[in-house]
Amino acid sequence: EIYTLSLHDALPIYTEALQLDGKAQLADADLSDAKYNIHLSDAKGEVRFNQKGFLADNLAVTMNAKPAKFRLAVGGFASDPQHGAEGSLHADLPARDLLAYAPMLEAYSDHLSGNAAWNIAFTADNDTVKSPTTRIIVKSDLRGVALDLPAPLAKSADMALPLTLVLDPPTAGGKVDLTLGTELYMHGRLVSATAPFAANIGIGADTDAPLPPAGLKISGVASQLDVTGWMDFATSDSTPNSGSSSDVLAGIDVRADALMLYTHDFGPAVFTLTPVKDALDLKFAGNTIDGALHIPTVELQRRGITAEFAKL
């Protein structure tokens with residue numbers, strides 16, 4: 001680490017008050033945080049400090065071999081007096097690199113490709129706050145990132161889809177909130193040693209429903225819903241805890257203007273999914289489709305799919 005230091009201190013002869021005010025100029029410094037597995041190298045810029053804290057503002061850094069901008073305010077330099085520390089990072093990074101810092105989402109990395117501009121903010125309350133918390137906020141318009149997901153969440157790289165991810169550490173058992181434009185709103189609880197991951201997903205509108213015991217519970221209204229695509233996704237090996245369908249999906253209740261099933265558009269319809277032991281029960285209700293499917297999630301070839309339709 002290379003730096004130059006400019007320091008001014010004043011110690012009055014007849015008092016014990018100490019005034020400290022200085023600056024340090026960083027050049028090619030390494031900055032790291034083992035707790036969050038963050039490593040920034042080649043840091044360049046000015047750090048101000050006094051007896052109340054310090055400020056590293058708009059430092060040029062390198063993260064994962066990519067240029068980035070970093071800011072850290074501690075103590076008296078924080079903009080909010082309740083915060084003991086405030087940090088921000090601005091970088092253009094591959095989407096998969098960001099998922100490495102969110103283990104609960106890393107299993108979905110095969111469905112992402114491309115780079116995007118990311119704004120990441122961190123705050124930690126100081127010890128004087130009655131119930132101190134920490135918070136991480138990730139924002140991006142995802143322009144440059146393609147989402148290989150079924151409708152309504154499929155996205156080409158040139159399309160913008162604003163993302164906001166809010167995490168309240170500790171990551172084990174902490175709170176997570178995610179929004180994708182006006183298409184998806186998720187509120188959940190991260191996996192811990194005593195409780196599984198659980199979340200509610202609202203399609204087309206936000207939701208305040210109680211969390212399911214485990215897995216994803218999906219509800220709302222979609223312009224288009226690719227049922228076959230989501231079933232393949234939910235039962236694939238790329239989804240977390242894919243050994244049991246109930247670990248992935250706690251239930252679905254979605255009304256779609258265009259319900260897609262095996263490449264066919266059945267128009268407006270309501271689709272529900274209920275996990276049962278070693279199987280999924282699917283129901284369809286619309287003008288051109290009315291019936292149910294029972295799909296085993298184990299021994300599918302032996303047990304087969306049961307279909308009962310009054311209209312198809």
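- Scanning for side-chain hydrogen bond (donor to acceptor under 3.5 Å, both in side chains) contacts around K44 gives D28, with sequence neighbours left out.
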Side-chain donor-acceptor pairs under 3.5 Å in residues 205-213, sequence neighbours left out?
residue, atom, partner, partner atom, Å
D206, OD1, H187, NE2, 2.7
T207, OG1, A209, N, 3.2

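- Think of I137 as one node in a network of Ile, Leu, Val, Met, Phe, Trp and Tyr side chains linked at under 4.5 Å; its network also takes in V166.
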Distance-only check: which donor-acceptor pairs under 3.5 Å involve side-chain atoms of residues 150-163, not counting sequence neighbours?
residue, atom, partner, partner atom, Å
K155, NZ, L142, O, 2.9
K155, NZ, V145, O, 2.6
K155, NZ, M159, O, 2.5
S156, OG, D158, OD1, 2.6

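- Sequence neighbours left out, the pairs with a member in residues 122-165 that pass ring pair (Phe, Tyr, Trp, His ring centres under 6.0 Å) are Y36-F122.
- Checked against side-chain hydrogen bond (donor to acceptor under 3.5 Å, both in side chains), D97 has the following partners two or more places apart in sequence or in another chain: N64.
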Show me the donor-acceptor pairs, under 3.5 Å and distance only, between side chains in residues 285-294 and residues at least two apart or in other chains.
residue, atom, partner, partner atom, Å
T288, OG1, F266, O, 2.6
H294, ND1, D281, OD1, 2.5

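- Under the rule for a side-chain hydrogen bond (donor to acceptor under 3.5 Å, both in side chains), N58 has no partner lying at least two apart in sequence or in another chain.
- Judged by distance alone, the side chains of N119 and H90 do bring a donor and an acceptor atom under 3.5 Å apart.
- Connectivity analysis of hydrophobic side chains (ILVMFWY, heavy atoms under 4.5 Å, direct or indirect) links L55 to F77.
- Legend: side-chain hydrogen bond (donor to acceptor under 3.5 Å, both in side chains) pairs involving residues 67-76, not counting sequence neighbours, sorted by first then second residue: D57-R71.
- The ring-ring contact (aromatic ring centres under 6.0 Å, His included) test applied to F70 returns no partner, not counting sequence neighbours.
- Every residue was checked against the side-chain hydrogen bond (donor to acceptor under 3.5 Å, both in side chains) condition with R48, not counting sequence neighbours, and none meets it.
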